[in-house]
Amino acid sequence: FTVYTTLDVDLQKYAEQKARDQVQKLIEQKKNASNASAVVIKNTTGEILAMVGSLDYNNDAIDGQVNIATAERQPGSSFKPYVYATALEKKQMNAASMILDVPMTVPLGDGTFYRPENYDRQYHGPVSFRNALARSYNIPAIKVMDEVGIADALRLAHRMGINGLNRGLDFYGLNLVLGGGEVTLLDHVYAFSVFGNGGVMIGEAAPPAQLIPGFRTLNPVAVKQIRNSKGDIIKIYDRPEAQRVLSSETAYVIADIMSDDPARAPAFGANTDLTLPDRKLAAKTGTTNGFKDNWTMGFTPQFTVGVWVGNTD
């Protein structure tokens with residue numbers, strides 16, 4: 001067989017080199033990071049243009065044969081947009097809704113208590129929905145999750161493309177909004193491309209054996225064409241399928257918040273690497289407990305990109 005993939009060779013090489021360069025910088029800064037992964041999807045076709053599974057497949061020291069792009073890892077705060085989108089879809093909140101960022105205690109089933117904290121260990125009083133998401137405050141995010149319901153947030157994440165988090169709607173707790181569950185980078189990027197497409201999922205039909213009620217029905221595309229030894233076409237991807245899974249209004253507001261640099265600046269600084277000089281870029285970061293996983297998800301109208309940095313062990 002002759003298989004034609006969707007990979008853009010030049011973009012693939014560029015992504016590989018950038019990943020190696022960034023990890024080398026972190027090593028020189030005495031950071032404990034040895035590996036990275038990246039996925040690039042073309043929004044209008046669902047095609048995977050680049051996939052870096054690890055820095056070096058043949059390097060056992062970094063477990064290079066583990067494809068992080070398809071491995072489940074906790075996404076940290078990069079999961080928050082799904083929950084905030086749920087609040088918008090249910091019309092329970094809007095971008096100007098006020099949320100109290102004050103100490104809170106959540107009783108757990110085993111009799112203990114969960115006390116969420118913000119990354120800066122401070123409380124910010126009344127904050128808007130927009131600023132809470134843009135600045136990635138944890139306590140407001142917990143309150144939004146509590147308001148919309150864990151089950152509904154999960155349902156939306158599943159429809160948008162997250163095929164993991166499948167242990168049941170009642171398995172997860174409020175900390176899911178902070179990344180307390182596992183997703184794959186490939187699924188995460190594909191789901192974020194729905195925001196980039198104005199609420200529309202674009203790709204190819206998922207095989208019937210993969211279909212699960214309530215989950216996505218389209219997949220990102222990796223293969224454009226397959227021919228046999230005679231030159232006969234066995235498979236061809238010539239026209240993407242599209243399905244609206246999120247209202248255009250919700251997608252617009254989430255994208256606008258994630259590209260609002262003045263709203264983000266008090267927490268992350270202004271004109272950081274989360275911005276581009278010549279166009280708007282929507283971005284969301286995520287960091288897990290103990291800094292085990294570091295994510296950045298971002299999109300323009302043309303492309304959606306996700307990167308992970310950490311250790312594969």
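Given the structure is predicted, the values throughout are model-derived calculations rather than measurements.
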Are there over 12 heavy-atom neighbours, none belonging to [X], within less than 6.0 Å of that residue's [atom1]?
{"X": "Arg167", "atom1": "CZ", "answer": "no"}
{"X": "Lys90", "atom1": "NZ", "answer": "yes"}
{"X": "Asp60", "atom1": "CG", "answer": "no"}
{"X": "Tyr114", "atom1": "OH", "answer": "yes"}
{"X": "Phe291", "atom1": "CZ", "answer": "no"}
{"X": "Asn289", "atom1": "CG", "answer": "no"}
{"X": "Lys13", "atom1": "NZ", "answer": "no"}
{"X": "Asn32", "atom1": "CG", "answer": "no"}

Under 3.5 Å, side chain of [X] to main-chain N/O of [Y], donor-acceptor pair present?
{"X": "Asn94", "Y": "Ala96", "value": "yes"}
{"X": "Asp260", "Y": "Ala263", "value": "yes"}
{"X": "Asn43", "Y": "Pro301", "value": "yes"}
{"X": "Ser78", "Y": "Pro75", "value": "yes"}
{"X": "Trp295", "Y": "Gln74", "value": "yes"}

Cut-off 3.5 Å, side chains only: do [X] and [Y] have a donor facing an acceptor?
{"X": "Thr44", "Y": "Gln302", "value": "no"}
{"X": "Thr300", "Y": "Lys280", "value": "no"}
{"X": "Thr275", "Y": "Asp261", "value": "no"}
{"X": "Gln22", "Y": "Arg20", "value": "no"}
{"X": "Gln65", "Y": "Asn58", "value": "no"}
{"X": "Asn294", "Y": "Trp308", "value": "no"}
{"X": "Ser34", "Y": "Asn311", "value": "yes"}
{"X": "Glu89", "Y": "Thr250", "value": "yes"}
{"X": "Gln243", "Y": "Thr217", "value": "yes"}
{"X": "Asn118", "Y": "Arg121", "value": "no"}

Arg216 with Asp187: basic N within carboxylate O range, under 4.0 Å: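 Answer for the salt bridge query: yes.
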Salt bridge present between Arg227 and Asp232 (N-O < 4.0 angstrom): no
is_close_aromatic(Tyr82, His188), centroid dist under 6.0 Å: yes
Step-by-step side chain to side chain donor-acceptor pair (under 3.5 Å) determination, Ser193 to Lys42: CA-CA 8 Å; Ser193 74; Lys42 186 177 181 179; over 6 Å; no
Aromatic plane relationship, Tyr84 with Phe129 - under 30° parallel, 30 to 60° tilted, over 60° perpendicular: perpendicular
Looking at [X] and [Y], what are the two nearest heavy atoms and their distance?
{"X": "Ala191", "Y": "Ile162", "answer": "CB-CD1, 4.1 Å"}
{"X": "Met51", "Y": "Leu186", "answer": "CE-CD2, 4.1 Å"}
{"X": "Ile142", "Y": "Pro116", "answer": "CG1-CB, 4.1 Å"}
{"X": "Glu182", "Y": "Glu72", "answer": "CB-CB, 3.6 Å"}
{"X": "Gly214", "Y": "His158", "answer": "O-CB, 3.5 Å"}
{"X": "Ala283", "Y": "Leu274", "answer": "CB-CD2, 4.0 Å"}

Full working for side chain to side chain donor-acceptor pair (under 3.5 Å) between Gln12 and Asp8: CA-CA 6 Å; Gln12 176 71 21; Asp8 179 318; over 6 Å; no
Side chain to side chain donor-acceptor pair (under 3.5 Å) between Asp152 and Thr86, intermediate numbers included: CA-CA 7 Å; Asp152 281 350; Thr86 305; over 6 Å; no
Identified side chain to side chain contact (heavy atoms under 4.5 Å, CB included) counterpart of Leu55 within the set Thr312, Val23, Ile68: Val23
